[in-house]
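Worksheet: one structure, shown below.
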Number of protein chains: 2
Amino acid sequence: MSSVNEQAPATRMKAEDRRELVLAAATAVFGERGYFGATTDAVAKAAGVSQPYVVRMFGTKEALFLAVLTRALDRLLGAFRVALAGDGPAHPDGSAAPHRGLGAAYAELLADRGLLLSLMHGFILGSDTEIGACARAGFLQVYRFLREDAGFSADEVHEFLAEGMLLNTLVGIRMAVDYDTDPAARELLDTALPTKAEFLLALEGQRKPQA
Amino acid sequence: MSSVNEQAPATRMKAEDRRELVLAAATAVFGERGYFGATTDAVAKAAGVSQPYVVRMFGTKEALFLAVLTRALDRLLGAFRVALAGDGPAHPDGSAAPHRGLGAAYAELLADRGLLLSLMHGFILGSDTEIGACARAGFLQVYRFLREDAGFSADEVHEFLAEGMLLNTLVGIRMAVDYDTDPAARELLDTALPTKAEFLLALEGQRKPQA
DNA sequence: GTCTATAGGATGATAGAC
DNA sequence: GTCTATCATCCTATAGAC
């Protein structure tokens with residue numbers, strides 16, 4: 001393989017590939033600091049390109065954030081659809097229908113921490129005209145998917161979403177840094193974890209260095 | 001009553017009163033735009049004082065935000081304690097113990113929209129050293145209160161918190177603006193509302209002008 | 001206790017070369 | 001397709017008067 005990496009003076013690349021690369025970087029940055037806290041420069045550095053180029057590609061910072069939200073939503077629904085199709089050798093004991101599968105799919109998304117957190121940041125910026133509209137539309141899209149395609153009842157969707165928002169919050173607050181030092185944090189996380197494996201994976205690196 | 005109001009050249013006032021006034025204003029502003037999105041100038045305007053004075057009172061913007069978070073936590077726990085004491089003529093039919101009371105208390109806090117939303121913004125900024133530490137400590141304080149003082153089981157706390165995070169999210173995303181135009185939004189809100197009265201109160205003014 | 005003026009430091013966006 | 005240079009704006013924080 002050629003020794004080309006991201007920090008070199010920018011290897012030429014097809015627009016679409018570079019776009020995806022920047023979107024991934026932006027997802028991470030927006031996930032950590034939110035829309036206002038993230039800078040286009042931080043995104044650029046994370047993607048290994050120049051700041052003006054990031055702006056050039058998406059027009060404005062806001063457009064970039066909207067693109068991140070849209071991409072995150074697509075992935076979320078995509079993962080749900082795959083889980084729903086579920087032809088794989090899941091739980092052949094015919095346990096609680098789609099719940100398990102979708103919950104697990106959601107937990108897997110936690111691996112890309114920025115994805116769910118960018119969404120979360122978008123969700124609580126409802127008072128912003130553009131971002132708010134995008135966030136509401138996305139949230140409702142998920143709601144409809146669960147209700148119609150996954151066949152949840154209104155109460156089931158409600159419970160599923162509540163669970164999801166708590167999970168997002170726990171990841172965002174980095175509750176895992178207190179896992180080893182605070183019994184309450186440990187109990188909370190142990191209770192909240194859907195599939196321990198995936199969740200711990202997502203939290204890896206958040207724990208405090210030592211006890 | 002004297003015709004003194006907030007936009008006059010700043011009537012002299014005891015420090016503590018002005019501090020509370022600024023904290024209330026800051027809570028509203030941080031609730032809408034989050035830590036990074038809010039400016040000390042916006043807080044100052046909302047409080048009817050000058051921007052440098054806001055900074056002077058709290059030292060830094062970050063210190064102001066931490067003060068807002070601490071105050072919000074205090075109010076939250078205060079409301080919970082009152083609800084728990086619950087000597088009032090609540091549900092004398094001895095229905096589901098503290099759950100109802102605490103849920104209602106939480107719903108009432110929604111009236112001060114900025115309060116819960118400022119907390120929410122703090123919660124998802126866990127990667128910020130100072131804010132994250134404050135947020136985690138606060139969240140765990142609530143957890144312990146529910147677990148120890150309110151006597152919830154680990155599962156009950158978990159469910160209660162999940163419900164709360166969903167509520168916060170729905171307020172933050174302003175789902176109510178779609179209440180009259182989107183069936184999904186309506187169903188979601190109808191299902192999620194704890195005590196319809198309080199919640200609708202909190203959402204008042206969020207709905208779209210017309211259908 | 002509170003303000004005006006302003007320094008100093010980002011940051012988003014544009015212009016234009018390669 | 002991608003960068004360097006740079007402008008204009010905004011924003012936190014300080015200095016100092018009243």
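Below, all heavy atoms of this structure are taken into account, side chains as well, without hydrogens, waters or symmetry copies. Per chain, numbering begins at 1; letters A, B, ... match sequence-line order.
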(message) Just to verify, what does B:Arg75 make a side-chain hydrogen bond (donor to acceptor under 3.5 Å, both in side chains) with, not counting sequence neighbours?
(response) B:Glu20
(request) Summarise how protein sits on nucleotides 6-12 of chain D as a single string, 5' to 3': B when a protein heavy atom is under 4.0 Å from the base, S for sugar-phosphate-only contact, - for no contact. (result) -----SB
What pairs of nitrogen or oxygen atoms, one from the protein and one from nucleotides 16-18 of chain C, lie under 3.5 Å apart?
residue: C:dG16; atom: O6; partner: A:Arg56; partner atom: NH2; Å: 2.9

(request) Check ring pair (Phe, Tyr, Trp, His ring centres under 6.0 Å) between B:Phe65 and all other residues, then give those that pass, not counting sequence neighbours. (result) B:Phe30, B:Tyr35
(request) Quickly work out the A:Phe58 CZ to C:dT14 P distance and round it to whole Å. (result) 16 Å
(request) Would you please name every residue forming a side-chain hydrogen bond (donor to acceptor under 3.5 Å, both in side chains) with A:Arg136, sequence neighbours left out? (result) none
(message) Categorize A:Met57 for me: base, sugar-phosphate, or nothing, with a 4.0 angstrom heavy-atom threshold over every strand shown.
(response) nothing
Please tabulate, for side-chain N and O atoms in residues 158-165 of chain A, each donor-acceptor pair with protein atoms closer than 3.5 Å (sequence neighbours left out).
residue: A:His158; atom: NE2; partner: B:Glu163; partner atom: OE2; Å: 2.5
residue: A:Glu163; atom: OE2; partner: B:His158; partner atom: NE2; Å: 2.5

(request) Rounded to the nearest angstrom, tell me the gap between atom CD in A:Glu62 and atom C1' in C:dT11. (result) 16 Å
(request) Only counting residues at least two apart or in another chain, list the ones meeting salt bridge (Lys or Arg N to Asp or Glu O under 4.0 Å) with A:Asp41. (result) A:Lys45
(request) Could you check how far OH of A:Tyr53 sits from C1' of D:dG1, rounded to whole Å? (result) 5 Å
(request) Could you pull out all residues at least two apart from A:Ser50 that satisfy side-chain hydrogen bond (donor to acceptor under 3.5 Å, both in side chains)? (result) none
(message) From CZ of A:Arg19 over to C1' of D:dT2, roughly how many Å is that when rounded to an integer?
(response) 17 Å
(request) Could you list the residues that satisfy side-chain hydrogen bond (donor to acceptor under 3.5 Å, both in side chains) with B:Glu187, not counting sequence neighbours? (result) A:Tyr143, A:Arg147
(message) Using 30° and 60° as the class boundaries, would you call the ring planes of B:Phe145 and B:Phe80 parallel, tilted or perpendicular?
(response) parallel
